[in-house]
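Here's the structure, in structure tokens; my notes come after.
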There are 2 protein chains.
Amino acid sequence: MRVLIVEDEPNLGQQLKSTLEGAGYAIDLATDGEEGHFLGSTESYDAIVLDLGLPEIDGLTVLDRWRKEGKVTPVLVLTARDSWSDKVAGLDAGADDYVAKPFQTEELIARLRALIRRASGNASSELTAGDVRLDTRSGKVTRAGEPVKLTAQEYKLLSYLLHHKGKVVSRTELIEHIYDQDFDRDSNTIEVFVTRIRKKLGQDVITTIRGLGYSLEDPDA
Amino acid sequence: MRVLIVEDEPNLGQQLKSTLEGAGYAIDLATDGEEGHFLGSTESYDAIVLDLGLPEIDGLTVLDRWRKEGKVTPVLVLTARDSWSDKVAGLDAGADDYVAKPFQTEELIARLRALIRRASGNASSELTAGDVRLDTRSGKVTRAGEPVKLTAQEYKLLSYLLHHKGKVVSRTELIEHIYDQDFDRDSNTIEVFVTRIRKKLGQDVITTIRGLGYSLEDPDA
DNA sequence: AGACAAGAATGCGTGTTCTGATCGTCGAGG
DNA sequence: CCTCGACGATCAGAACACGCATTCTTGTCT
């Protein structure tokens with residue numbers, strides 16, 4: 001699970017980062033609205049934690065822009081305790097949840113977990129590309145109707161590629177999403193699993209884009 | 001089945017908790033609206049019992065917020081006997097059923113059971129998979145017509161799997177629904193009970209999906 | 001006191017994941 | 001068009017984690 005934190009106050013930002021990393025999330029930290037907006041628009045996160053009081057661009061504006069761009073990533077907003085108007089405006093602008101400062105980090109983690117669960121819950125349980133079919137509910141994978149048995153890691157990898165089909169996914173991105181905590185970057189496990197998936201599902205399923213990463217093309221698209 | 005009770009009056013709250021625990025539910029008890037709302041938003045319950053007369057935040061407000069957050073957990077509302085307006089408002093705000101105070105605990109249990117059944121889309125009180133049959137009303141389990149004696153925890157575990165048959169259920173999910181909030185997460189009890197159920201009902205009933213969880217396949221489907 | 005259930009601890013076998021080495025291939029530059 | 005270098009693919013064995021069985025402790029109910 002990859003989470004973006006947009007928080008200008010350095011101490012709080014760093015603290016949040018380490019806490020959430022400890023909870024098993026991969027964290028990117030943006031220290032102002034500009035950077036936050038950019039990262040949120042270009043990278044793909046499972047959730048975003050957004051402080052409303054930011055320099056340069058206001059948090060609400062950032063949120064608003066994302067929504068206008070069609071981003072549906074769940075956003076958890078941090079507000080000052082008593083600014084009700086912030087809350088209301090935040091919810092209007094498309095925030096999915098809010099936490100008032102100061103807060104217990106446990107509360108933040110709990111809400112983040114709930115948010116991600118909720119968001120992934122209303123996703124359809126079937127992912128497909130060509131004749132490859134993956135049902136997230138039952139954890140079953142088939143190719144041309146034939147059931148294929150995948151191990152846990154193979155499954156996670158394929159599932160991530162399906163979630164981002166058509167897009168080039170870098171090895172780093174895969175590592176960040178499949179493993180929690182930071183993981184030895186120079187290791188070829190991803191390659192190993194790609195090989196294994198290809199063996200089970202066929203060579204043509206995953207395309208290698210040299211120097212960039214992997215991509216899963218959908219012939220239907 | 002895990003249920004949240006939001007009830008400010010300590011005696012009644014405790015009494016409800018023990019009664020429902022006796023009926024085989026895992027119970028979390030919140031004593032005010034704030035806490036209730038938080039737990040309801042962040043944890044996952046199969047149903048919620050909500051008293052409308054609460055300090056701090058009113059019960060109706062809590063309910064309303066949950067619904068606005070997109071929570072679909074069935075909620076059973078407790079109202080004073082004659083406050084019709086409460087009932088109406090409650091149903092408007094998204095309550096699924098109400099019980100007037102004072103009430104017979106049997107009635108509450110019955111309605112709760114009905115509520116959970118309704119929510120999970122089962123018209124009857126019978127859950128089946130292959131030749132395994134579980135009757136939620138009488139709490140009896142049979143395999144190929146032969147009655148099988150299960151202990152309370154074994155029953156809960158099996159019942160949860162039957163409610164979600166065909167789906168992969170992670171150990172965490174099982175723990176969250178079978179036990180209440182504070183429970184040692186790293187313990188192997190789930191495995192132990194799976195083993196015990198398999199011993200009583202046969203090896204083939206529960207399938208292990210390594211690294212992901214357990215699943216109960218329905219051969220009829 | 002005895003029986004039973006729940007949960008904790010332990011050891012073990014097996015399948016999975018990782019590592020490191022080697023082989024293959026693509027593409028840029030001569 | 002060929003060569004070389006870099007990057008990716010593949011393989012095999014080692015290390016590891018997972019899930020299972022079994023035993024033991026504790027607590028509860030009769």
Side-chain angles (χ1 to χ4, degrees), chain A residues 24 139 141 148-161 168-216, chain B residues 2 18 21-27 139 141 148-161 168-216:
Chain A
V141 178
V148 179
K149 256 187 97 178
L150 295 186
T151 67
Q153 298 293 69
E154 290 162 5
Y155 177 85
K156 281 192 212 168
L157 180 31
L158 179 65
S159 148
Y160 188 82
L161 286 174
V168 179
V169 180
S170 72
R171 212 153 317 148
T172 322
E173 190 177 342
L174 282 169
I175 287 178
E176 279 181 350
H177 275 85
I178 289 171
Y179 300 92
D180 30 31
Q181 310 276 138
D182 13 31
F183 179 85
D184 187 16
R185 264 84 198 298
D186 30 286
S187 133
N188 65 345
T189 31
I190 298 296
E191 275 115 315
V192 171
F193 283 112
V194 168
T195 302
R196 289 228 280 261
I197 292 174
R198 290 213 255 242
K199 233 181 206 161
K200 291 186 180 180
L201 286 173
Q203 292 294 333
D204 53 329
V205 173
I206 300 171
T207 321
T208 305
I209 286 100
R210 230 159 200 275
L212 291 177
Y214 298 99
S215 159
L216 202 150
Chain B
R2 190 165 168 220
S18 15
E21 272 170 352
Y25 295 98
I27 302 295
V141 177
V148 179
K149 257 188 94 176
L150 294 186
T151 68
Q153 298 296 73
E154 289 162 6
Y155 177 85
K156 283 191 209 171
L157 181 32
L158 180 65
S159 148
Y160 189 82
L161 285 174
V168 179
V169 180
S170 71
R171 210 154 320 154
T172 321
E173 189 177 342
L174 282 168
I175 287 178
E176 280 183 349
H177 278 86
I178 289 171
Y179 300 94
D180 52 32
Q181 242 193 329
D182 14 58
F183 182 83
D184 185 16
R185 261 86 199 296
D186 30 284
S187 129
N188 65 346
T189 32
I190 297 296
E191 273 131 302
V192 171
F193 284 111
V194 167
T195 304
R196 287 184 185 153
I197 292 174
R198 288 214 256 243
K199 238 181 203 156
K200 291 185 181 181
L201 285 173
Q203 291 295 331
D204 53 330
V205 172
I206 300 171
T207 320
T208 305
I209 289 111
R210 223 166 198 272
L212 293 178
Y214 296 99
S215 160
L216 202 150

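Residue numbers start from 1 in every chain, and the chains themselves are labelled A, B, ... in the order their sequence lines are given, proteins ahead of strands. Given the structure is predicted, the values throughout are model-derived calculations rather than measurements.
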- Minimal non-hydrogen separation, B:Ala26 against B:Asp180, with atom names: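 Where B:Ala26 meets B:Asp180 most closely, the heavy atoms are CB-N, 3.7 Å.
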- Query: So which heavy atom on B:Val168 is nearest to which on A:Gly139, and how close?
  - Reply: CG2-N, 3.9 Å
Nearest whole Å is fine: how far is [N] [atom2] from [X] [atom1]?
X: A:Ile190; N: C:dT19; atom1: CD1; atom2: C1'; value: 14 Å
X: B:Phe193; N: C:dA6; atom1: CZ; atom2: P; value: 5 Å
X: A:Leu157; N: C:dC18; atom1: CG; atom2: P; value: 11 Å
X: A:Asn188; N: C:dG24; atom1: CG; atom2: C1'; value: 15 Å
X: A:Lys156; N: C:dT17; atom1: NZ; atom2: P; value: 9 Å
X: B:Leu150; N: C:dA5; atom1: CG; atom2: C1'; value: 13 Å
X: B:Arg171; N: D:dA17; atom1: CZ; atom2: P; value: 15 Å

- Message: Looking at A:Thr195, I'd like to know whether one of its side-chain N or O atoms comes within less than 4.0 Å of OP1 or OP2 on D:dG8.
- Response: no
- Task: With B:Phe193 as reference, evaluate B:Thr195, B:Thr189, B:Ile190 under the side chain to side chain contact (heavy atoms under 4.5 Å, CB included) test and give the passing residue.
- Result: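 It is B:Thr189; the other options fail the test.
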- Query: Considering only heavy atoms, which members of residues 196-215 of chain B lie under 4.0 Å from some atom of DNA chain C?
  - Reply: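 Result for residues 196-215 of chain B: B:Arg196, B:Arg210, sorted by number.
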- Task: Give A:Val194 one of three labels, base, sugar-phosphate or nothing, depending on what nucleic acid heavy atoms sit under 4.0 Å from its own.
- Result: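 Touches nothing.
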- Query: Across the strands shown, which category fits B:Glu191 at heavy-atom distances under 4.0 angstrom: base, sugar-phosphate, nothing?
  - Reply: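 Counting heavy atoms under 4.0 Å across all strands, the contact made by B:Glu191 includes a base.
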- Message: Salt bridge or not between A:Glu154 and A:Arg196? Use side-chain N to carboxylate O under 4.0 Å.
- Response: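 Here A:Glu154 pairs with A:Arg196 in a salt bridge, since their nearest N and O are under 4.0 Å apart.
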- Item | Under 3.5 Å: donor-acceptor pair, side chain of B:Arg210, backbone of A:Ala152 | no
